[in-house]
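Input: a single structure, listed below in structure tokens.
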Amino acid sequence: MRLTGVVAMDGPSGTGKSSVARTLARTLDACYLDTGAMYRAVTWAVLRAGVDPGDTDAVTVVADKVRLEISTDPDDQRISADGERVDHQIRSQPVTATVSAVSAVPGVRATLVAAQRAVVADALAGCGIVVEGRDIGTVVAPDARLKVFLTASAAERAARRSRQDGRTGVGQVDAVQEAMRRRDAFDSSRAASPLRIAEDAVEVDSTHLSLTEVVEHLVALARDRGMVVAAGHR
């Protein structure tokens with residue numbers, strides 16, 4: 001089976017969004033775009049340039065100038081900034097600590113939303129695409145036929161992120177949960193493209209669901225919308 005059109009997947013961190021989106025793309029022979037990696041790559045470029053993340057004008061200049069290239073193959077995720085592979089660098093602690101501030105800059109969001117729409121348009125010439133982020137259904141792809149807002153309980157999200165980061169010691173999960181709470185509040189209250197559920201999105205709570213169960217549910221939703229065709233068809 002093969003996906004046609006766009007699946008827009010939004011939600012806060014720790015919900016399993018990236019794993020779900022990539023697996024859905026693989027299952028439906030589709031392209032995949034991780035918009036968060038693009039914001040992280042710009043953040044890496046800001047830090048590399050020695051720019052103060054609080055200087056919105058300077059941050060916007062960096063975002064406008066940096067040349068990003070990102071793969072849409074769910075089995076071969078790559079991102080480059082000015083020709084340099086930064087797949088590992090963008091997951092570093094300094095980038096993680098700074099990405100919210102950089103992502104909130106209106107000029108950064110305007111630049112990257114335009115870039116993301118271009119990537120989606122290019123991908124749709126050859127395949128359907130699953131796009132994940134925090135403003136996909138509301139801003140990047142508001143006409144997507146399937147919009148999903150993935151959620152999970154705060155405790156489960158913190159536990160997942162702690163396991164992912166290897167931070168499972170006494171008090172560490174609580175610290176992760178508090179950090180995620182602050183990130184949620186920041187992302188939901190920013191002026192440019194805040195994190196929110198699109199009016200026509202389907203909310204899926206993954207707290208008690210396995211990855212396979214979530215993906216099977218989303219495949220069924222896509223099929224109900226006529227977005228799944230036999231392999232080899234467009």
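Counted by atom type alone, Asp64 and Thr111 present one or more donor-acceptor pairs between their side chains at under 3.5 Å. For the residue pair Thr35 and Glu132, no side-chain donor N or O sits within less than 3.5 Å of a side-chain acceptor on the partner. Counted by atom type alone, Arg145 and Thr4 present one or more donor-acceptor pairs between their side chains at under 3.5 Å.
Contact record, Ala49 with Val62: CB-CG2, 4.5 Å, taken as the closest heavy-atom pair. Taking every heavy atom of both residues into account, Gly137 and Asp10 meet most closely at N-OD2, 2.8 Å. Between Val6 and Ala141, the closest heavy-atom pair is CG1-CB, 4.1 Å. Leu3 and Ala222 get closest at one heavy-atom pair: CD1-CB, 4.5 Å. In terms of heavy-atom proximity, Pro53 sits nearest to Val102 at CB-CG2, 4.4 Å. In plain terms, the two heavy atoms of Asp76 and Ser71 that are nearest each other are O-OG, 2.7 Å.
The closest side-chain heavy-atom distance from Val66 to Val42 is below 4.5 Å. The shortest distance between side-chain heavy atoms of Arg48 and Asp82 falls below 4.5 Å. Counting heavy atoms from C-beta outward, Met227 and Leu28 have side chains that stay 4.5 Å or more apart. The shortest side-chain heavy-atom distance between Val204 and Val202 falls under the 4.5 Å cut-off. Contact check for Thr43 versus Ile90: no side-chain heavy atoms found under the 4.5 Å cut-off. The shortest side-chain heavy-atom distance between Leu24 and Val219 falls under the 4.5 Å cut-off. Side-chain contact between Trp44 and Arg91 is absent, with no heavy atoms from C-beta onward closer than 4.5 Å. By the 4.5 Å heavy-atom criterion applied to side chains, His208 and Glu213 are not counted as neighbours.
In this view, Thr207 and Ala152, Ser153, Glu156, Asp205 satisfy the side-chain contact (heavy atoms from CB on, under 4.5 Å) rule, not counting sequence neighbours. Looking at residues two or more places apart in sequence or on another chain, you find a side-chain contact (heavy atoms from CB on, under 4.5 Å) between Pro74 and Ala25, Arg26, Tyr32.
Distance CZ/Arg40 to CG/Asp34: 9.0 Å, rounded to 0.5 Å. Taking CZ of Arg85 as the start and CD1 of Ile79 as the end, the distance is 10.0 Å to the nearest 0.5 Å. Atom CZ of residue Arg22 and atom CG of residue Asp75 lie 9.5 Å apart, to the nearest 0.5 angstrom. In this structure, CE on Met38 lies 11.0 Å from CD on Glu69, to the nearest 0.5 angstrom. The distance from atom CZ of Arg157 to atom OG1 of Thr151, rounded to the nearest 0.5 Å, is 9.0 Å.
Listed for the Ser103 side chain is a donor-acceptor partner under 3.5 Å among the backbone atoms of Val99. Within the 3.5 Å criterion, the main-chain N or O of Gln89 finds a donor-acceptor partner in the side chain of Ser92. Distance alone, capped at 3.5 Å, places no donor-acceptor pair between the Arg109 side chain and the Val105 backbone. Proximity of a side-chain donor or acceptor of Asp135 to a complementary backbone N or O of Thr138 within less than 3.5 Å is not detected. Judged purely by atom type and a 3.5 angstrom limit, Thr72 has no side-chain atom pairing as donor or acceptor with the backbone of Leu33. The backbone N or O of Pro12 sits nowhere less than 3.5 Å from a side-chain atom of Arg134 that would complete a donor-acceptor pair. Using modelled atom types, one side-chain atom of Lys147 and one backbone atom of Pro142 make a donor-acceptor pair closer than 3.5 Å.
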Donor-acceptor pairs under 3.5 Å, side chain of residues 112-124 to any protein atom, not counting sequence neighbours: which ones?
residue	atom	partner	partner atom	Å
Arg117	NE	Val140	O	3.3
Arg117	NH2	Val139	O	2.6

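Using a 4.0 Å cut-off between charged nitrogen and carboxylate oxygen, Arg2 and Asp29 count as a salt-bridge pair.
Residue Leu146 is not grouped with residue Ile136 when hydrophobic side chains (ILVMFWY) are merged at heavy-atom distances under 4.5 angstrom, including chains of intermediate members. Residues Phe149 and Val130 are members of separate hydrophobic clusters, defined by side-chain heavy-atom contacts under 4.5 angstrom among Ile, Leu, Val, Met, Phe, Trp and Tyr. Hydrophobic clustering, with ILVMFWY side chains joined whenever heavy atoms are under 4.5 angstrom apart, keeps Val228 apart from Ile129. Side-chain heavy atoms closer than 4.5 Å link hydrophobic residues (I, L, V, M, F, W, Y) into clusters, and following such links, even through other members, never connects Val61 to Leu47. Linking Ile, Leu, Val, Met, Phe, Trp and Tyr residues whenever their side-chain heavy atoms come within less than 4.5 Å leaves Ile197 and Val20 in two separate clusters.
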